[in-house]
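The next block holds one structure in the form of structure tokens; read it before the comments.
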Amino acid sequence: AKEAGRDQFCFYEARLTEKAREKMFLETELRTAIAQGALSLNFQPQFDLANGQMVGSEVLARWRHPERGMIPPTDFIAIAEESGLILPLGEWVLREACLQAELWRQAGLGPHRIAVNVSGLQIERDDFVATVAGILAETGLPPDWLELEVTETYMMRQPEKSVRVLEGLRGLGLALALDDFGTGQSSLSYLKRLPVQTLKIDRSFITDLPFGENEAAITRAIVALGHSLHLEVLAEGVETPAQADFLRGLGCDRGQGYMYSRPVDAATFENILRKTTVY
Ligand code: C2E
Ligand code: CA
Ligand code: CA
Ligand code: CA
């Protein structure tokens with residue numbers, strides 16, 4: 001029994017080590033990928049629910065590892081946040097997205113707004129507003145072509161500071177959206193003070209529409225809350241026409257999801273832009 005116990009312990013320890021080693025491996029590989037600009041961007045269109053027009057797109061980071069293939073963002077963003085790599089990664093994504101959007105703008109495609117995800121760790125940096133201002137100046141993208149998506153989770157750690165940073169970003173003339181709304185723990189009084197223009201209803205509420213009674217009630221409440229605060233409301237994860245109809249019926253402003261399009265690479269997205277641009 002003693003022997004078996006020790007074997008088991010060794011097995012457990014070996015597995016732990018294996019997991020830790022895997023994480024270290026991915027972290028090192030991710031560091032290299034960021035330095036070499038080996039990540040890429042996908043774009044997922046966003047639509048005006050009332051008239052069906054494409055109004056913007058969300059930018060989503062992609063990492064194809066030479067041997068491992070595609071690593072899901074939920075995995076590598078978690079590693080990036082734990083290791084601090086989210087700072088160079090986030091800056092790379094923002095610069096690359098602005099460069100790309102400016103190319104489209106100069107080609108006469110659009111008007112179009114790109115929504116870039118920003119981690120709470122970026123918001124916490126004292127130089128974040130200056131970094132964003134620098135990237136806008138460097139790429140030449142007009143600030144009103146850019147929207148930043150922020151989440152509540154980190155902002156609740158330093159609410160005062162977060163409000164200041166978001167106000168600084170607003171001062172640059174860009175738009176702000178509160179991502180994954182409904183999953184965080186921000187109070188309504190705090191929401192009122194946040195200088196955001198859009199609430200993004202988390203996909204978890206949309207999935208069970210229109211038949212999930214609780215989800216329908218919550219979604220209806222979020223749309224009403226958003227509108228009473230003069231915010232736009234965007235639903236993510238719209239997969240079916242029934243969901244889109246339901247959301248349109250609530251007066252939800254924008255929609256995004258597989259029903260319209262999956263996230264696609266820049267070349268594919270450019271073709272969509274060419275078809276939808278009104279000349
Ligand atoms: P998110 O910001 O909530 O992004 C939306 C996610 O939902 C994306 O997953 C998108 O592909 C997926 N999605 C969109 N429509 C549908 C739909 O109709 N059905 C389903 N089932 N899924 C849909 P993705 O690309 O895997 O990204 C996952 C998360 O990784 C993002 O969630 C975001 O939190 C994070 N992420 C991705 N890129 C970046 C980035 O550049 N910076 C930061 N900080 N986070 C990022
Ligand atoms: Ca997002
Ligand atoms: Ca989201
Ligand atoms: Ca999410």
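Just follow the structure's listing: the first ligand is 1, and inside any ligand the first atom is 1. Just so you know, residue 1 is the first one in the sequence shown, and it goes up from there.
For T151, every N, O or S atom stays at 3.0 Å or more from the Ca ion (ligand 2).
Using a 4.0 angstrom heavy-atom cutoff, G237 counts as in contact with ligand 1. Heavy-atom separations between E81 and ligand 1 are all 4.0 Å or longer. The closest approach between any non-hydrogen atom of G90 and ligand 1 is not below 4.0 Å. Close to ligand 1: E58, with a non-hydrogen atom less than 4.0 angstrom away.
Salt-bridge annotation for R21 and E18: present, with a side-chain N of the basic residue lying under 4.0 Å from a carboxylate O of the acidic one. Of the charged side-chain nitrogens involved, none lies within less than 4.0 Å of a carboxylate oxygen, so that R203 and E236 do not count as a salt-bridged pair.
Nearest N, O or S atom of E58 to the Ca ion (ligand 2): atom OE2. Distances from the Ca ion (ligand 3) to each N, O or S atom of E236 single out OE1 as the nearest. In terms of distance to the Ca ion (ligand 3), the nearest N, O or S atom of D179 is named OD1. Nearest N/O/S atom of D180 with respect to the Ca ion (ligand 3) is recorded as OD1.
Between the side chains of E58 and N117, at least one donor N or O lies within less than 3.5 Å of an accepting N or O. Under the 3.5 Å distance criterion, with hydrogens and angles disregarded, a donor-acceptor pair is assigned to the side chains of E81 and S119. Side-chain N/O atoms of S83 and R31 include no donor and acceptor closer than 3.5 Å. Side chains of Q44 and Q256: a donor on one and an acceptor on the other come within 3.5 Å.
Distance alone, capped at 3.5 Å, is enough to place a donor-acceptor pair between the Q243 side chain and the T240 backbone.
Between E270 and F43, every side-chain heavy-atom pair lies at or beyond the 4.5 Å cut-off.
Between D179 and ligand 1, a contact under 3.5 Å exists for at least one N or O pair.
Of the candidates L41, D75, L60, L60 brings a heavy atom nearest to atom 8 (C) of ligand 1.
Contact annotation: for R203 versus ligand 1, heavy atoms closer than 4.0 Å belong to the side chain alone.
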